[in-house]
Amino acid sequence: MKIVVCMKQVPATSKVDIDPETGAMKRMSGETRTNPYDLFALETALAIREKTGGTVTVLTMGPSQAEEMIRDAYTMGADEGVILSDRKFAGADVLATSYALAQGIQVIGGADLIICGRQTTDGDTAQVGPAIAEHLTIPHAAWVAEIMDVNEKSIQIRQDLVSVSQVSEIPYPCLLTIDKDTCVPRLPSYLLKKATADRPVRILSFEDMPDQDLSRYGLIGSPTSVEKMFAPEESEKQVYLEGTAKEKADKLVAILTGKKII
C-alpha cells in the first residue's frame with residue numbers, strides 16, 4: 001500500500017505580512033505550524049499502514065522552511081517527505097494548488113491512497129483534496145468520519161454529511177479528506193527523531209513537473225484572485241465588574257445585550 005498524505009504549513013499567528021501588489025500572504029514572514037486537520041490525516045495513514053503494510057509519504061507545497069513540518073512527520077512515523085518548492089508555484093489558488101500537487105503525486109509514482117485533512121486553517125475552502133482527485137480522475141470521499149475497513153482492493157469509510165451518515169466502499173486508487181476527531185494523532189517519538197535526523201527530504205521544482213504549461217501553476221494559473229487580505233486589527237479592552245456574583249452576572253448580561261451578542 002502506497003499512501004500519500006498531503007499536508008501544509010499554516011500561520012501560527014495573525015502577525016503575518018501581506019504582499020501589497022498580489023494581496024498574497026508572505027508565508028515566511030511569521031511563525032508557522034502544521035495545519036491541525038492534517039495531523040488527523042497523517043495519523044489515519046499511519047494506522048492504515050500498520051494494518052496493510054506499505055509506505056507513508058508526506059507531500060506539501062511551499063517554501064523550503066516546510067522541511068521542518070516534514071521532519072516533524074518523520075518523528076510521528078512517516079517514511080518519506082516531498083516538497084514542491086518553486087517561485088512559479090507561488091500565489092496559487094485552490095485550482096492551481098491542487099493541480100501542482102496532483103502533478104507532484106504523478107512524479108513520485110502515484111499512490112494507492114491519498115489522504116488530506118478536511119481543510120486548512122488559513123484558507124478554509126475544503127476544496128484542495130477533492131480537486132486533486134478530479135485532476136487525477138480517481139474516486140474520492142470528503143468529510144470522512146471513520147475508517148471502517150481496509151483490504152487489498154478497497155477501503156470502507158463513513159461520512160457524516162450534516163443530517164445523514166453514509167457508508168461507502170471505494171476501490172483504489174482513491175482520495176479521502178479526514179474530518180477532525182476521527183482519531184487521536186500520536187505524539188512525536190524522540191527515538192524516531194534521532195533515527196530520521198539524516199533522512200533526506202526530496203525537493204521538486206517546476207522543472208520536475210510532467211506538465212510544463214506554466215499557465216496551470218501559481219498566480220498565473222489561478223482563475224480566482226484575492227481582492228484584499230489583511231491581518232485583523234489588534235485591540236485590548238478589559239472591563240472589570242464590581243459587586244456580588246449576581247450583580248456581576250446582571251451587569252454582564254446587560255453589556256452583552258447592549259452589544260446584541262445575546
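Basis for what follows: all heavy atoms, side chains included, without hydrogens, waters or symmetry-related copies.
Formation of a donor-acceptor pair under 3.5 Å by the T60 side chain with backbone atoms of M7 is found in this model. For the pair T177 (side chain) and W143 (backbone), a donor-acceptor distance under 3.5 Å is present. When atom types are taken as modelled, the side chain of S85 and the backbone of G62 share a donor-acceptor pair closer than 3.5 angstrom. For the pair Q212 (side chain) and F206 (backbone), a donor-acceptor distance under 3.5 Å is present. No donor-acceptor pair under 3.5 Å is formed between the side chain of T196 and the backbone N or O of R199. In this structure, K251 contributes its side chain and E242 its backbone to a donor-acceptor pair below 3.5 Å. Side chain of T182 to main chain of I178: no donor-acceptor pair is present (N/O by atom type, distance under 3.5 Å, no hydrogens or angles). Of the possible polar contacts, one joining the Q159 side chain to the A142 backbone as a donor-acceptor pair under 3.5 Å is found.
Among all heavy-atom pairs drawn from T75 and P188, the shortest one is OG1-CB, 3.3 Å. Between L101 and V128, the shortest heavy-atom distance links the atoms CD1-CG1, 4.0 Å.
In the hydrophobic cluster analysis, where Ile, Leu, Val, Met, Phe, Trp and Tyr join through side-chain heavy atoms closer than 4.5 angstrom, V4 is grouped apart from I170. Hydrophobic clustering (side-chain heavy atoms under 4.5 Å, transitive across Ile, Leu, Val, Met, Phe, Trp, Tyr) groups V107 together with M61. In the hydrophobic cluster analysis, where Ile, Leu, Val, Met, Phe, Trp and Tyr join through side-chain heavy atoms closer than 4.5 angstrom, V94 is grouped apart from L219. Cluster annotation: L95 and L59 are assigned to distinct hydrophobic clusters (Ile/Leu/Val/Met/Phe/Trp/Tyr, side-chain heavy-atom contacts under 4.5 Å, transitive). V150 and L176 fall within the same hydrophobic cluster, defined by Ile, Leu, Val, Met, Phe, Trp and Tyr side-chain heavy atoms under 4.5 Å apart, directly or through other members.
At a cut-off of 3.5 Å, with distance as the only test, no side-chain donor of T120 or N35 sits close to an acceptor on the other residue. Counting only N and O atoms by type, the side chains of D79 and Y74 include no donor and acceptor under 3.5 Å apart. Counted by atom type alone, S154 and Q156 present zero donor-acceptor pairs between their side chains at under 3.5 Å. Using a 3.5 Å distance cut-off with no hydrogens or angles, the side chains of H135 and Q103 do not pair a donor with an acceptor.
When each of V58, I83, V82 is checked for a side chain to side chain contact (heavy atoms under 4.5 Å, CB included) with V201, only I83 meets the rule.
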Checklist entry - Run the salt bridge (Lys or Arg N to Asp or Glu O under 4.0 Å) check on R202 and E80 step by step: do they pass? => result CA-CA 8 Å; R202 186 177 178 184; E80 300 174 306; over 6 Å; no
Checklist entry - So K193 and D72, salt bridge (Lys or Arg N to Asp or Glu O under 4.0 Å) or not? Walk me through it. => result CA-CA 8 Å; K193 182 176 182 179; D72 286 343; over 6 Å; no
Checklist entry - Stepwise, does the salt bridge (Lys or Arg N to Asp or Glu O under 4.0 Å) test hold for D179 with R118? => result CA-CA 5 Å; D179 205 348; R118 186 185 78 179; 3.1 Å; yes
Item to check | R186 and E50: CA distance, side-chain angles, deciding distance, salt bridge (Lys or Arg N to Asp or Glu O under 4.0 Å) verdict | outcome: CA-CA 13 Å; R186 65 193 65 188; E50 290 170 358; 2.9 Å; yes
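Counting heavy atoms from C-beta on, the side chains of I155 and I48 come closer than 4.5 Å. Using a 4.5 Å heavy-atom threshold, the side chains of C6 and I132 count as touching.
Using a 4.0 Å cut-off between charged side-chain N and carboxylate O, R49 and E43 make no salt bridge. Under a 4.0 Å N-O distance rule, the pair D160/R158 qualifies as a salt bridge.
Rounding to the nearest 0.5 angstrom, the gap separating the CG atom in L84 from the OG1 atom in T97 is 10.0 Å.
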